[in-house]
Amino acid sequence: MRNIFLFALLSACTLASADGLQLQRQEGFQSYYSGTLTVSGQFQFFAEDEFNHGLCFYPQGSSAALIPRSADDERMPWFCFSNQRQAFALLQVPTSLPAGFCSAEGSAQLRISHYMTDTTPSEVSDMAHLESVLQSKPTRLQPCETP
């Protein structure tokens with residue numbers, strides 16, 4: 001009997017801390033999700049990129065499948081951080097790059113929340129709030145390509 005109680009208690013705790021995003025509402029091309037998600041992949045910042053919106057993350061492997069996509073949404077799973085200043089600090093990415101360097105990148109395992117998909121037919125990205133960095137490798141600065 002005691003083992004059954006412990007199993008039930010452990011199961012309840014596991015459910016309470018389970019990862020996952022739940023659709024809360026849709027407004028036009030945006031869908032808003034509650035919940036948290038743990039993802040692994042690559043982060044990247046391009047200092048002179050007109051299309052990227054700052055520091056962004058590209059989930060890889062099984063994490064990519066966790067990013068919300070509708071059946072007709074064929075976009076690559078990626079997002080930028082809604083809390084850019086905190087994301088730069090937590091991932092230890094310089095906000096301005098030294099002369100001769102055009103990007104900063106690295107790999108990490110993150111915990112995110114407040115996910116928002118944006119399927120506006122334009123140069124937009126999904127957004128997520130970076131809650132914490134669980135693991136990361138040092139940021140690498142990438143030199144600019146010369147023509």
Side-chain angles (χ1 to χ4, degrees), residues 8-147:
L9 183 62
L10 288 174
S11 295
C13 291
T14 302
L15 289 175
S17 66
D19 255 353
L21 300 175
Q22 299 82 36
L23 179 62
Q24 291 301 301
R25 71 182 191 283
Q26 291 184 282
E27 294 177 9
F29 291 104
Q30 288 89 27
S31 297
Y32 297 86
Y33 294 82
S34 64
T36 60
L37 197 59
T38 300
V39 292
S40 298
Q42 302 291 317
F43 59 86
Q44 210 165 31
F45 167 62
F46 292 96
E48 300 293 327
D49 188 353
E50 63 187 87
F51 298 112
N52 260 334
H53 300 92
L55 183 55
C56 299
F57 194 78
Y58 304 85
Q60 297 177 330
S62 59
S63 291
L66 301 174
I67 300 301
R69 292 289 181 257
S70 62
D72 59 341
D73 185 353
E74 297 177 1
R75 296 174 304 136
M76 182 176 101
W78 68 284
F79 56 88
C80 295
F81 298 106
S82 57
N83 56 333
Q84 286 283 306
R85 190 174 298 156
Q86 287 176 313
F88 274 97
L90 290 171
L91 287 165
Q92 299 178 344
V93 176
T95 55
S96 62
L97 301 179
F101 293 92
C102 287
S103 68
E105 60 186 43
S107 59
Q109 182 182 42
L110 314 173
R111 191 134 179 93
I112 60 170
S113 66
H114 299 91
Y115 200 90
M116 188 267 305
T117 61
D118 192 340
T119 57
T120 303
S122 144
E123 296 296 328
V124 297
S125 69
D126 290 0
M127 300 295 283
H129 183 89
L130 177 57
E131 294 290 334
S132 61
V133 176
L134 304 175
Q135 296 178 337
S136 71
K137 293 186 179 173
T139 300
R140 299 176 306 279
L141 299 181
Q142 299 299 317
C144 301
E145 293 182 20
T146 54

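Under the side chain to side chain contact (heavy atoms under 4.5 Å, CB included) criterion, E74 pairs with no residue, sequence neighbours left out. Residues forming a side chain to side chain donor-acceptor pair (under 3.5 Å) with S122 (at least two apart in sequence, or on another chain): none. Partners of Q109 according to the side chain to side chain donor-acceptor pair (under 3.5 Å) rule, which considers only residues two or more places apart in sequence or in another chain, do not exist here. Residues forming a ring pair (Phe, Tyr, Trp, His ring centres under 6.0 Å) with Y33 (at least two apart in sequence, or on another chain): none. Partners of D73 by salt bridge (charged side-chain N to carboxylate O under 4.0 Å, His left out), not counting sequence neighbours, listed by chain and number: R69, R75. F43 meets the ring pair (Phe, Tyr, Trp, His ring centres under 6.0 Å) test with no other residue; sequence neighbours excluded. Looking at residues two or more places apart in sequence or on another chain, you find no side chain to side chain contact (heavy atoms under 4.5 Å, CB included) involving S96. Partners of S103 under the side chain to side chain donor-acceptor pair (under 3.5 Å) rule, at least two apart in sequence or in another chain, do not exist in this structure.
The minimum heavy-atom distance linking Q84 with L55 is given by the pair OE1-N, 2.8 Å.
To the nearest 0.5 Å, atom CG of residue L110 and atom CZ of residue F57 are 4.0 Å apart. The distance from the NE2 atom of H114 to the CD atom of Q24 is 9.5 Å, given to the nearest 0.5 Å. The OG atom of S125 sits 10.5 Å away from atom CZ of F81, with the distance rounded to the nearest 0.5 Å.
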Could you give the side-chain donor-acceptor pairs of residues 130-142 under 3.5 Å, partners two or more places apart or in another chain?
| residue | atom | partner | partner atom | Å |
| --- | --- | --- | --- | --- |
| E131 | OE2 | S113 | OG | 2.4 |
| T139 | OG1 | L91 | O | 3.4 |
| T139 | OG1 | Q92 | O | 3.2 |
| R140 | NH2 | E105 | OE2 | 3.4 |

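Note on residues 27-39: pairs passing salt bridge (Lys or Arg N to Asp or Glu O under 4.0 Å), not counting sequence neighbours, are R25-E27.
F79 places a side-chain heavy atom less than 4.5 Å from the side chain of P59.
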